[in-house]
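Down below is the structure, laid out as structure tokens.
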Amino acid sequence: MDLQTKALHAGYEKDTQGTMAVPIYMTTAYEFRDVQHAANLFSLKELGNIYTRLNNPTTDVFEKRFAELEGGAAAIATSSGMSAIFFAIANAAESGDNIVCAKQLYGGSLTQTAHTLKRFGIEARYFDVHQPEQIEALVDAKTKVIFFESLTNPSIDVADIEAITAIANKHGILTVVDNTVATPVLCRPFEFGADITVHSASKYTTGQGLAIGGIMVERNGIVDKLKGNDRYAHFNEPDASYHGLVYTDIPLPPFSLRARLSLLRDIGAVSSPFNSWLFIQGMEHLSLRMREHSKNALALAEFLEAHPRVNKVNYPGLKSNSNYEMAQKYFEDGACSGLLSFEVDSLEEATKIVNATELYSLVVNIGDSKSIITHPASTTHQQLTPDELIACGVPAGLIRISCGLESIKDLIADIKQALEA
Ligand SMILES: *Cc1c(COP(=O)(O)O)cnc(C)c1O
């Protein structure tokens, strides 16, 4: 089945009422038939609902459907993108281990890996996403994860997924790809050798800026990489916290199973059934929206590139962009999602342009159906000096846009009047 068909049907079996829309199962817990049934569920002899921190029928549809779109075996929905990333790393690494991450990461992922995980005894080492060969010198016997974004936010670079996963596979290390900006519609990292993907569902999945959520997906056949692999002893030895279960010995996707039984159980960053339902609504038209976001962003990027006040436009769909070849290789039909940025001469000029726009909202978010404009130097990167700004690829005159679904005629007209005001 095609992705658009799966997005409408996968993972849902209608209840006895024949309900067309997936019902929202707002409930904390579920009644067991009898004591034996309860015991069977707890020992995994039977699979079923226990408590909404572990599973929920609405969230289950979201997880199954998203896993289908990504081409994976199973998924775990979480309360945010940040908790999905934490689960992916914490499911593989423990105190004393290290992870190797791209430098070009979302701000929250940078602080989580550099600061918060450090306090848990997990060290992050960084490589330039344009130089995968740097990874070789960073990995050792304690490396548990290689983590990067397929289409990076906010720097808008495209990772060479095959080059990175080839190095990881040589060493038997799991790769985790944040696929938030590309979405499964434009990029499917499992087809290029990745093991696990994570997403902020708060962005394109909801699509209308409605709710915070996240999801982690594992590929088919990950058990072959985990079984007997010394790096991942906790997948091969009895789990003392779950009556001696050995995750690689049972016929269920082991990475998600452990994340559910151990991390969701003990950390509890679970998706609300209502939010899962919102994400299901968003997924129904995700592929239509991603095509339109990409079309609008390319047309806007082309307009900006031709404008005399604009010094540079960053959008991987432009032939002038250094990521263009990678985007053609990894993204469906070379479509590059809705994120773009452009540079004008100075901070003052950028401020004037952002203030002069009427259709673009000044918001720190991406992936909304409404267009969003941000000026990183005065907001997310405010504390950096002009030299530091240039070093991290955010010059003072840089403006970032998350291109929405408004008419492209109106989007171009508004940015034109702001540039020429
Ligand atoms: C927004 C974002 C996150 C964090 O997601 P939340 O849902 O806000 O926690 C992680 N990665 C990327 C690429 C993002 O854009």
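Keep in mind the model is a prediction, meaning the values are calculated, not measured. Ligands are counted one by one from 1 in listed order, and the atoms in each one are counted from 1 as well.
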Only heavy atoms of [X], strictly under 4.0 Å: list the atoms of ligand 1 that pass.
X    : result
S202 : 6 (P), 7 (O)
S80  : 7 (O), 9 (O)
G213 : 7 (O)

Under 3.5 Å, N or O to N or O, is [X] touching ligand 1 that way?
X    : answer
S109 : no
A201 : no
G81  : yes
D178 : yes

Protein contact of atom 15 (O) of ligand 1 - nearest heavy atom, named by residue and atom, plus distance: K203 NZ, 2.7 Å
Hey, is the main chain of [Y] close enough, under 3.5 Å, to the side chain of [X] for a donor-acceptor pair?
X    : Y    : result
T59  : N55  : no
E149 : Y106 : yes
Q417 : A413 : no

Stepwise side-chain hydrogen bond (donor to acceptor under 3.5 Å, both in side chains) check, H130 with Q104: CA-CA 9 Å; H130 297 301; Q104 293 87 347; 4.7 Å; no
Aromatic ring pairing F235/Y232, orientation class (parallel under 30°, perpendicular over 60°, tilted between): perpendicular
Closest non-hydrogen atom pair between A168 and T175, with its separation: CB-CG2, 3.4 Å
